[in-house]
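Below: the structure, in C-alpha cells.
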Amino acid sequence: MLKNNLGYPRAGAHRELKKACESFWSGKTGKEDLLVTSRKLKEENWTTQQDAGIDLIPCNDFSFYDQVLDMSLLLGVIPERYNPVVTSVKGNSELDLYFAMARGYQKDGLDITAMEMTKWFDTNYHYIVPEFTAKQPFRVFSQKLFAEFIAAKQFIGRVPKPVLIGPVSYLLLGKEKETGFEKIDLIKKLLPVYIEILKSLKGYGAEWVQLDEPFLTLDLSEKDKEAFIYTYREINKQCPGLKILIATYFEGLTENTEWALDLPVNAIHLDLVRAPEQLNFVLRHVPEKLTLSLGVVDGRNIWKNDYEQSVGLIRKAINAIGKSRVMIAPSCSLLHTPFDLDLETSLEEEVKNWMAFAKQKLNEVNEIGQIIEGNEALLEVNKLAIESRRLSNLIHKPCVKQRTAAITDVQAQRLSIFTDRQKIQDEQFKFPLFPTTTIGSFPQTDDIRQLRARLKKGELTSSQYDEAIKNATIEAIRWQEEIGLDVLVHGEFERNDMVEYFGEQLDGFLFTKNGWVQSYGSRCVKPPVIYGDVSRPEDMTVKWSSFAQANTDKPMKGMLTGPVTILQWSFVRNDQPRSETANQIALAIRDEVIALENAGIKIIQIDEPAIREGLPLRKKERAAYLDWAVKAFRISASGVRDETQIHTHMCYSEFNGIIEHIAAMDADVITIETSRSQMELLEAFSDFKYPNEIGPGVYDIHSPRVPAVGEMVDLLEKAAAILPVRNLWVNPDCGLKTRKWPETKEALMHMVNAARQARALFENSITIH
Ligand code: GLN
Ligand code: ZN
C-alpha cells in the first residue's frame with residue numbers, strides 16, 4: 001500500500017524562511033543567502049518524509065511566498081503593471097518580479113500595487129489571487145517547478161511527485177479584472193500550457209503528478225463541471241504514461257462524486273477527516289482501476305490520530321477494491337499544521353501525549369500502514385492515548401458547561417436598537433463627519449519584541465517590562481493626538497498576537513513554543529491549542545486600556561478579539577462541537593467587555609476578522625454556522641449600556657451572501673478591508689442598505705507602500721457614493737503591527753488629511769439628523 005503525502009510546511013521549524021525572506025527584502029542579505037536557506041529547508045523536508053517511509057513525496061510544495069502565486073508565475077499570468085519591474089530596472093530577476101507581485105513595488109521610481117490576497121478556502125492561509133483579463137495569455141514562464149523536481153529527484157534518489165494546482169481550480173481561484181468574459185472559459189487557452197508542463201515533467205522523469213482540485217468538493221456550476229471533464233479527458237489523451245492524482249480536500253465530493261470518479265485519472269485523494277461519510281458512496285461508485293488516496297490523518301489539527309477509526313476506514317476500502325488500489329495519506333497538505341511536536345519540551349506530558357504535528361502525522365500514516373499489515377501492538381498504544389484524553393479531568397469543568405447550557409436570548413441582545421443607540425452615542429461623542437481611527441495595533445518593532453523575549457528569559461523584571469510598554473503606549477498616544485485622529489488606540493504593544501494574548505490568560509488553552517503555521521507570505525502564526533473547557537480567571541485587558549485612557553482626553557478604544565476568531569485561529573477540540581467551544585469563549589469575552597465598561601472605556605472593539613473564513617465551504621451548511629457564530633459575537637458584545645459603542649473589525653472578507661448576518665451582529669461600527677479591492681467589497685453593504693456605521697479601509701496595510709492623500713480621498717468618495725456619509729468612518733484595512741513606523745506615520749497622516757478633505761467636500765451636502 002502506498003503512503004502518500006500531499007504537501008509539507010515550508011517555513012522551517014524555526015521560521016527560517018520568514019527570516020531569510022525578510023532579511024532579503026530589507027536588503028540586509030542577497031539572493032544567494034535566500035536560495036541557500038530555501039534549498040536547505042527543502043532538503044530537510046525531503047529527508048523527514050523519506051525517513052517516515054512516505055512513498056509519494058511531494059515537490060513544488062515549497063514556495064517563497066505562496067503556491068498560487070507560484071502557479072501564476074509558472075503559467076505566465078503576470079499583470080501588465082509589473083512589466084517595468086523587469087524591463088526598466090537593471091539587475092532585477094524573476095524573484096524580484098515575484099515579490100513585487102506579492103508585496104507591491106515602491107522604489108526605482110516605480111509605484112506598483114500588490115496583487116490581492118484572500119483566504120485559502122476555510123483556512124487561515126492567504127493566497128495571492130490570480131488576475132485574468134478577457135484575452136489573458138498563458139505560457140510557461142517560470143522554471144521553478146522543473147528545477148525543484150530535478151533537485152528533489154537527485155536528493156532523495158527516487159522520483160518525487162510534483163504538486164500543482166489543477167487547471168480548473170487555478171482558474172476558479174482567480175479574479176476577472178475586466179467584464180465581458182468568464183474566467184472558466186479561459187480553460188481552452190490554459191490547458192495547452194498545462195499539457196506542455198506535464199509533458200516536460202514526464203520528460204524529466206516524473207511518474208505521478210498531483211493536481212490539486214479542491215473545487216471538486218464545492219458547489220459547482222454546470223460549466224465548471226464541463227471544464228473538469230474536458231480538462232482531464234484532454235490530459236489523459238495528451239499525456240499518456242503519466243499518472244495523475246487529483247487531490248480534493250476540505251470537504252466531501254457529495255453530489256459531484258459520480259462524475260468526479262469517472263474522470264480518466266489514476267487516483268483521487270479524498271478528505272476522510274472532514275467528510276468520512278463520503279467513503280461508502282465512493283466505494284459503491286469507484287470505477288475499476290481508479291486508486292483512492294484516503295486522507296485519514298487530520299492535516300488541519302494537532303490531535304493524535306485515532307487509529308482504530310482510521311484503520312476501520314482503510315480496511316473498508318481494501319475490502320471493496322483491494323490493497324493495491326488504496327493509498328494512506330493525511331487529509332490535506334500538512335502546510336496547515338506546525339512542524340514537529342518533539343521540539344515542544346515544556347508541554348505537560350499528559351497533554352503532549354494527545355498531540356501530533358506534521359512530522360508525527362507522517363509517522364501516523366506509516367503506523368496505520370503497519371497496523372493494516374498486522375502490527376496490532378501499535379494500535380494498543382494508540383488506544384491508551386485516545387482514552388486518556390477522553391477521560392482526563394484537565395478537560396472537563398462542570399461549572400463552565402453549566403453556564404453555557406444556561407445562555408438565554410436576552411444575553412445576546414443589546415438593550416436598545418441601533419438607531420436609538422446611535423443617537424445616544426452621537427450626543428456623547430460628537431464626532432465630526434468621517435471620524436478617523438485605526439484598527440488597533442501599531443508597529444511591533446524589534447525593540448518591542450525584544451522586550452518580550454527578555455522578559456521571558458528573565459532578563460527583565462515584569463515592572464521593567466511594563467514600564468517600557470507604558471512608554472511605547474504613551475508615545476503612540478501623543479503621536480495620535482498630534483496628527484489628529486479622533487478615536488485612539490493604545491497600540492497593542494503588550495500583545496504578541498491577537499489570539500495568543502487572550503488564550504494565555506484563559507483557562508482551557510495551552511501554548512506551544514514552536515507551533516508556527518504560515519498565514520501569508522513570511523507571516524506565521526502560532527495558534528493556541530484549546531484542549532479543555534474555557535473560562536476567564538481574571539481581567540485580561542483592563543489594566544492596559546485604563547492606563548491608556550488615563551493618558552488622553554480623546555476616546556480610547558478597548559481592544560478585544562472575538563469568540564469566533566479565537567476559535568477559528570486556534571487548534572480546536574475535536575471532542576465537542578465548535579459552537580459549544582465558541583459559547584464558552586463568548587461568555588469569557590462578555591465578562592471582559594463589561595469589566596472594560598466598568599473601568600470607564602466607552603468604545604470597545606471586538607475583532608472578528610475570522611468570521612467569514614469559518615463559513616462552511618458548502619452552501620447548505622452555512623446557515624447553521626452563521627447562526628451560532630453571530631450569536632456568539634452578540635453574547636460577547638451585549639452586556640453593555642447603550643452609550644458604550646461596540647466596534648467590530650473584519651479583514652479580507654467577501655461579504656456577499658452573508659451580509660445580513662454581518663448586520664445581525666449589530667455592532668455599532670464595523671471596520672473592514674476594502675482598499676486593495678478599490679471598495680468593491682462595499683457593494684454588498686450598499687446593496688443590502690447596511691444600517692450601522694462602517695469604516696471601509698482606505699490604506700492597504702499588507703504592503704509597505706504609502707498611499708497618497710488623493711488616492712484615499714478617491715476611495716472615500718467611492719464609499720460616499722454608495723453609503724450614507726454620516727455612517728462612514730476612515731481607517732486602514734487592518735492593524736499595523738507588521739508595518740514599520742516611518743511608512744505608518746506617513747500613511748496615517750495622509751489618511752487624516754484625506755478625511756479632512758472628504759469633510760470639506762461633503763460637509764455642506766448633508767444634514768445630520
Ligand atoms: N486589532 C487587531 C490589530 O490591529 C486586528 C488584527 C486583525 O484584524 N487581524 O492588530
Ligand atoms: Zn484585520
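Whatever order the structure lists ligands and atoms in, that order sets their numbers, starting from 1.
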> Any idea which protein heavy atom is nearest atom 6 (C) of ligand 1, and the distance to it?
Replying inline: Met498 SD, 3.3 Å
>> Using a 4.0 Å cut-off to any heavy atom of Gly735, which atoms of ligand 1 qualify?
In response: 3 (C), 4 (O), 10 (O)
> Relative to ligand 1, is Cys651 under 4.0 angstrom through side chain, backbone, both or neither, heavy atoms considered?
Replying inline: side chain
> With a distance cut-off below 6.0 Å to the six-membered ring centre and an angular limit of 45° from the axis, does Arg103 pair with Trp25 as a cation-pi contact?
Replying inline: yes
>> Need one value: angle at the Zn ion (ligand 2), Cys651 atom SG versus His649 atom NE2, rounded to 10 degrees.
In response: 120°
> Taking the six-membered ring for Trp, is the centroid-to-centroid distance between Phe509 and Tyr531 below 6.0 Å?
Replying inline: no
>> At under 4.0 Å between heavy atoms, is it the side chain or the backbone of His649 that contacts ligand 1, or both, or neither?
In response: side chain
>> Would you call the rings of His702 and Tyr520 parallel, tilted or perpendicular, taking 30° and 60° as the class edges?
In response: perpendicular
> With atoms numbered from 1 as shown, which atoms in ligand 1 lie under 4.0 angstrom from a non-hydrogen atom of Cys734?
Replying inline: 6 (C), 7 (C), 8 (O), 9 (N)
>> Under 4.0 Å from a heavy atom of Glu492: which atoms of ligand 1 are those, numbered in the order shown and with their elements?
In response: 1 (N), 2 (C), 3 (C), 4 (O), 10 (O)
>> Quick check with a 6.0 Å cut-off and a 45 degree axis cone: is Arg300 positioned over the face of Phe250's six-membered ring?
In response: yes
> Among all protein non-hydrogen atoms, which one is nearest to atom 5 (C) of ligand 1, and what is the separation to 0.1 Å?
Replying inline: Asp607 OD2, 3.3 Å
> Relative to each other, are the rings of Phe429 and Phe431 parallel, tilted or perpendicular (30° and 60° limits)?
Replying inline: parallel
> What atoms of ligand 1 come closer than 4.0 angstrom to any heavy atom of Met559?
Replying inline: 1 (N)
> For Trp569 and ligand 1, does the shortest N/O to N/O distance drop below 3.5 Å?
Replying inline: no
> Taking Glu743 as the fixed residue, which of Lys745, Arg739, Lys740 is the one that meets the side chain to side chain donor-acceptor pair (under 3.5 Å) rule?
Replying inline: Arg739
>> In terms of relative ring orientation, are Phe442 and Trp479 parallel, tilted or perpendicular, with 30° and 60° separating the classes?
In response: perpendicular
> What orientation do Trp628 and Tyr625 show, parallel under 30°, tilted 30 to 60°, or perpendicular over 60°?
Replying inline: perpendicular
> Of the protein's non-hydrogen atoms, which lies at the shortest distance from atom 3 (C) of ligand 1, and what is that distance?
Replying inline: Ser441 OG, 3.3 Å
> For ligand 1, which atoms, with element, lie under 4.0 Å from some heavy atom of Gly440?
Replying inline: 4 (O)
> Any N or O of Ile439 that comes nearer than 3.5 Å to an N or O of ligand 1?
Replying inline: yes
>> If we check side chain to side chain donor-acceptor pair (under 3.5 Å) with Gln444, which of these qualifies: Arg495, Arg452, Glu492, Lys737?
In response: Arg452
